[in-house]
Asker: 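Encoded as structure tokens, here's the structure I'll be asking about.
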Amino acid sequence: MQKGHCSYHTLRCHPDEDGFPFESGSSQGKDLSDAEDGVGDGKRKRVASAKKSQKSTSSEKAAYSHWLMKSEPESRIEKGVDVKFGIEDLKALPNQTGCWDGVRNYQARNFMRDMKPGQQAFFYHSNCKEPGIAGIIKIVKEAYVDHTQFDKKDVHYDPSSKPENPKWSMVDVQFERMTKRFIPLTELKKYHLKHKSSGGALSNIALFTRARLSVQPLTTEEFDFILSVISFSGKEE
DNA sequence: GCCAACGTTGGC
DNA sequence: GCCAACGTTGGC
């Protein structure tokens, strides 16, 4: 499980279909857990203590506005199905839009639920020859029920999730553009290490501080810094 | 509610 | 293909 790979099921999703928004917003402090779906998931539920540390105006959360979403651009067979889904695959879909299904990690899911249409995300290529940021996508539909959780044939089928109380959500994303150059993970890591010691925009970037999260938030500073290094090194805006 | 065993992610 | 990091499961 786990992973934010849209697989081609994406083809079935049409951006215009009016799905029902499955609750939006809210989630920041909760982390692991299912916090907002109340019942349903079996046993153990360590409901996050979303309460604490959540001060200030009740409706206020350090809302993120930028994201980084990982997907695998190279073929890999999982349960007999190829999970490949690179930025070129998104670009090739009708309207260059697809649904980001298959996320099976609570934190990643919660971040998707925080996403708002219009926000931008980096499309990150993972588990491949050259990991790194390949382009920019845009959130075009807020979180709604990920139908693949109920599909026994799907790689990300989750028998523990019931239709009356779905566990997993997805958003629709649209290809916006390739970055003027590919930004390798190794380069980002250099900035991160440097910034960690001397201070800088990427000193705390989730890509390294929470490496396994497939859907991550980026601060505006982080996002802008990354865009700026693209241009420093050659082209881009 | 602890925590060992287990499974997954994803760089290398 | 290895394996470290870390999330999840489930017994107790």
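Please read all numbers here as calculations on a predicted model, not as lab measurements. Per chain, numbering begins at 1; letters A, B, ... match sequence-line order.
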Asker: Quick check for you: to the nearest 0.5 Å, what is the distance between A:Phe223 atom CZ and A:Phe122 atom CZ?
Answerer: 4.0 Å
Asker: Between atom CG in A:Leu188 and atom P in B:dC12, what is the gap in whole Å?
Answerer: 11 Å
Asker: Taking only the side-chain heavy atoms of A:Asn105 (C-beta and beyond), determine which of B:dG11, B:dG10, C:dT8 contains the nearest atom.
Answerer: C:dT8
Asker: In whole Å, what is the span from the CZ atom of A:Arg104 to the P atom of C:dT9?
Answerer: 13 Å
Asker: Under 6.0 Å between ring centres: does that hold for A:Tyr124 and A:Trp67?
Answerer: no
Asker: Is a side-chain donor-acceptor pair under 3.5 Å present for A:Asp172 with A:Trp100?
Answerer: no
Asker: Whole angstroms only, please: what is the CG-P distance between A:Asn127 and B:dC12?
Answerer: 12 Å
Asker: Just how far, in rounded Å, is C1' of B:dG10 from CZ of A:Arg76?
Answerer: 9 Å
Asker: Send over the distance from A:Trp168 CH2 to C:dG7 P, rounded to a whole Å.
Answerer: 13 Å
Asker: Taking the side chain of A:Tyr124 as heavy atoms from C-beta outward, which of B:dG11, B:dC12, B:dG10 is closest to it?
Answerer: B:dG11
Asker: Taking CG from A:Leu213 and P from B:dT8, how many angstroms apart are they, rounded to a whole number?
Answerer: 17 Å
Asker: Rounded to whole Å, please give me the gap between CD in A:Glu130 and C1' in B:dG11.
Answerer: 13 Å
Asker: Taking the side chain of A:Ser214 as heavy atoms from C-beta outward, which of B:dG10, B:dC12, C:dC6 is closest to it?
Answerer: B:dG10
Asker: Parallel, tilted or perpendicular: which describes the rings of A:His125 and A:Phe182, with under 30° parallel and over 60° perpendicular?
Answerer: tilted
Asker: Starting from P on B:dC12, measure out to NE2 on A:His125 and report it in whole angstrom.
Answerer: 17 Å
Asker: Does A:Tyr106 place a side-chain N or O at less than 4.0 Å from the phosphate oxygens OP1/OP2 of C:dC6?
Answerer: no
